[in-house]
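Just the heavy atoms: all of them, side chains too, but no hydrogens, waters or symmetry mates, feed the values below. Each residue takes its place number in the sequence, starting with 1.
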Amino acid sequence: MDACDYKCPRCNGNVFVHGSAGSGKPRYQCKDCGFRTTSPLSKDEPSVMVQKYLLLPDTHAPFENKRACNAVCEFAETYKPDHLLHIGDVGDYQSVSYWLKNKRKDLEGKKLKNDLDAAAGLLKLFGSIAPNATKTVLLGNHDHWVYDYINEHPELEGLFSVERSYLEAGWKTIPWNELHKIGKLYTTHGLYTNKYHANSTVHALSASVIYGHTHDHQVYPESFMDGEKMAMSIGCLCDMNPEYLKNRPKKWMNGFATVDILPNGQFFPDFIKIVDGKFCRMGKIYGN
């Protein structure tokens with residue numbers, strides 16, 4: 001690769017000429033983040049580029065809604081995200097469930113390794129449809145149950161690890177309840193589950209935030225001294241009627257979100273509702 005004076009439009013790092021595309025145009029590659037493009041680059045200023053994030057909420061493998069997840073994968077091939085962000089509860093982890101802790105009959109046949117394999121397998125599926133995207137998991141409370149279980153059974157330390165399992169699937173992890181900032185928007189698994197959780201979230205953080213955890217969709221905007229902020233929950237990608245709810249009514253909603261972010265950090269979120277494994281965007285139906 002030959003060095004040149006161009007700057008990367010993604011990270012402002014140094015860029016090299018990396019061969020040429022089929023059209024004969026030079027192909028540029030950043031030595032810092034690996035970003036590639038054939039678009040014209042400026043030697044003085046990074047190119048204006050929108051960063052595309054695909055946000056995946058609460059899959060609870062092996063109880064993910066497979067039709068909904070497949071529809072998201074189909075959409076991702078069109079959207080071509082730069083970043084994949086799972087916002088927590090990748091796995092359900094019934095084998096170490098807080099709620100099933102002393103219910104031996106319900107725990108019969110459930111194995112932690114199987115739960116870890118199911119969660120990692122789902123991450124591999126999502127990762128396969130955007131192989132060049134960054135991949136990050138914000139650990140949720142269900143993911144964290146594994147840590148709690150190992151704390152109670154220290155003899156298991158080193159044998160099982162959510163962080164290692166997800167890393168082997170190609171995803172880095174961020175600790176439970178730690179905020180992850182993308183542009184001017186914060187993301188987290190979720191802080192509240194009360195009736196007005198979006199209101200509670202935006203006032204607790206005094207910042208704009210997208211989260212999961214509640215399995216429903218809710219938006220609340222508020223004006224602060226430094227401008228408008230908003231909080232948004234983006235539903236879930238898990239089974240809408242798990243056995244433990246015993247057919248009780250609920251306000252859950254299958255869905256996910258995209259967030260387009262400008263170089264100045266301004267963000268444009270889009271919540272996408274999924275019904276019976278299908279949704280529609282720009283006149284195209286995704287799912288079957």
Side-chain angles (χ1 to χ4, degrees), residues 53-65 67-69 71-72 84-94 97-100 119 122-123 126 136-146 148 162 173-182 185-222 229-259 267 269-277 279:
Y53 286 78
L54 182 63
L55 273 59
L56 308 163
D58 298 71
T59 45
H60 289 265
F63 307 113
E64 73 274 13
N65 185 320
R67 290 179 64 200
C69 290
V72 173
L84 293 174
L85 186 61
H86 196 301
I87 57 175
D89 285 358
V90 180
D92 192 78
Y93 296 107
Q94 281 195 3
S97 167
Y98 175 84
W99 305 109
L100 299 180
L122 188 57
L123 289 178
F126 286 128
T136 306
V137 174
L138 310 181
L139 296 180
N141 53 300
H142 280 247
D143 302 305
H144 202 264
W145 282 349
V146 179
D148 292 338
V162 167
T173 56
I174 292 177
W176 183 36
N177 282 339
E178 185 171 311
L179 297 175
H180 178 62
K181 195 173 185 182
I182 56 175
L185 175 68
Y186 286 93
T187 59
T188 187
H189 177 57
L191 304 176
Y192 303 101
T193 57
N194 58 307
K195 184 175 182 179
Y196 303 111
H197 50 81
N199 180 311
S200 300
T201 300
V202 75
H203 284 100
L205 300 177
S206 299
S208 290
V209 59
I210 279 185
Y211 59 97
H213 189 43
T214 61
H215 294 200
D216 66 357
H217 175 52
Q218 196 174 108
V219 184
Y220 188 86
E222 187 62 277
K229 315 291 182 184
M230 55 81 71
M232 177 191 290
S233 61
I234 60 170
C236 63
L237 289 172
C238 61
D239 180 4
M240 294 284 282
N241 190 30
E243 183 180 348
Y244 65 83
L245 283 182
K246 301 186 185 303
N247 294 312
R248 290 196 300 270
K250 55 197 167 300
K251 58 177 181 177
W252 291 9
M253 183 181 297
N254 279 152
F256 67 105
T258 63
V259 182
F267 58 91
D270 182 19
F271 169 72
I272 301 173
K273 178 182 177 180
I274 302 175
V275 180
D276 294 330
F279 64 91

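You'll find the side chain of V162 stays beyond 4.5 Å of the side chain of V90, heavy atoms only. Y93 has its side chain within reach of D143: a pair of non-hydrogen atoms, C-beta onward, lies under 4.5 Å apart. Two residues are said to be in side-chain contact when any heavy atoms from C-beta on lie closer than 4.5 Å; F126 and C69 meet this criterion. Contact of the L205 side chain with the L191 side chain is registered, since non-hydrogen atoms from C-beta on lie closer than 4.5 Å. Residues I182 and F267 form no side-chain contact, since every pair of their non-hydrogen atoms from C-beta on lies 4.5 Å or further apart. Annotation: side chain of H203 is not in contact with side chain of Y196 (no heavy-atom distance under 4.5 Å).
Shown here for G235 and D58, the closest heavy-atom pair between the two residues is O-OD1, 4.2 Å. Shortest non-hydrogen contact noted between R67 and D276 is NH2-O, 2.6 Å. Smallest separation of non-hydrogen atoms from Q94 and F63: NE2-CE1, 3.6 Å. The minimum heavy-atom distance linking P57 with G255 is given by the pair CG-O, 3.3 Å. Nearest heavy-atom pair across C238 and H215 is SG-CE1, 3.6 Å. The shortest non-hydrogen separation linking S200 to N194 is OG-ND2, 3.1 Å.
For the side chain to side chain donor-acceptor pair (under 3.5 Å) with H213, the lone residue among D89, T193, N141 that qualifies is N141. When each of D239, L237, L122 is checked for a side-chain contact (heavy atoms from CB on, under 4.5 Å) with E64, only L122 meets the rule.
Judged purely by distance below 3.5 Å, without hydrogens or angles, the side chains of H86 and T59 pair a donor atom with an acceptor atom.
With sequence neighbours excluded, the residues forming a side-chain hydrogen bond (donor to acceptor under 3.5 Å, both in side chains) with K251 are D216, listed by chain and number.
Here the side chain of H217 pairs a donor or acceptor atom with the backbone of S233 at under 3.5 angstrom. A donor-acceptor contact shorter than 3.5 Å is absent between the side chain of E222 and the backbone of A231. Although no hydrogens or angles enter the test, the distance criterion places no donor-acceptor pair under 3.5 Å between the side chain of S208 and the main chain of L185. H142 places a side-chain N or O within donor-acceptor distance of the main-chain N or O of D92, the cut-off being under 3.5 Å. Although no hydrogens or angles enter the test, the distance criterion places no donor-acceptor pair under 3.5 Å between the side chain of K229 and the main chain of V209.
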Applying side-chain contact (heavy atoms from CB on, under 4.5 Å) to I234 and I87, what does each step give before you reach the verdict? CA-CA 10 Å; I234 60 170; I87 57 175; 3.6 Å; yes

Going through the distances and angles, do K250 and N241 end up as a side-chain contact (heavy atoms from CB on, under 4.5 Å)? CA-CA 9 Å; K250 55 197 167 300; N241 190 30; 3.7 Å; yes

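Relative ring orientation between Y211 and H197 is described as perpendicular, the plane-to-plane angle rising above 60° on a 0-90° scale split at 30° and 60°.
We find the CG-NE2 distance between L138 and H180 to be 6.0 Å, quoted to the nearest 0.5 Å. Considering OG1 of T136 and CG of L56, their distance stands at 11.0 Å, rounded to 0.5 Å. In this structure, the separation between CZ on F271 and OG1 on T258 is 11.0 Å, given to the nearest 0.5 Å. To the nearest 0.5 Å, atoms CD1 (I210) and OG1 (T187) are separated by 8.5 Å.
For H144 and H189, the ring centers sit 6.0 Å or farther from each other.
Atom OH of Y186 sits in a sparse spot, with 12 or fewer heavy atoms from other residues, nucleotides or ligands closer than 6.0 Å. Counting non-hydrogen atoms of other residues, nucleotides and ligands closer than 6.0 Å to CG of D270 gives a total above 12.
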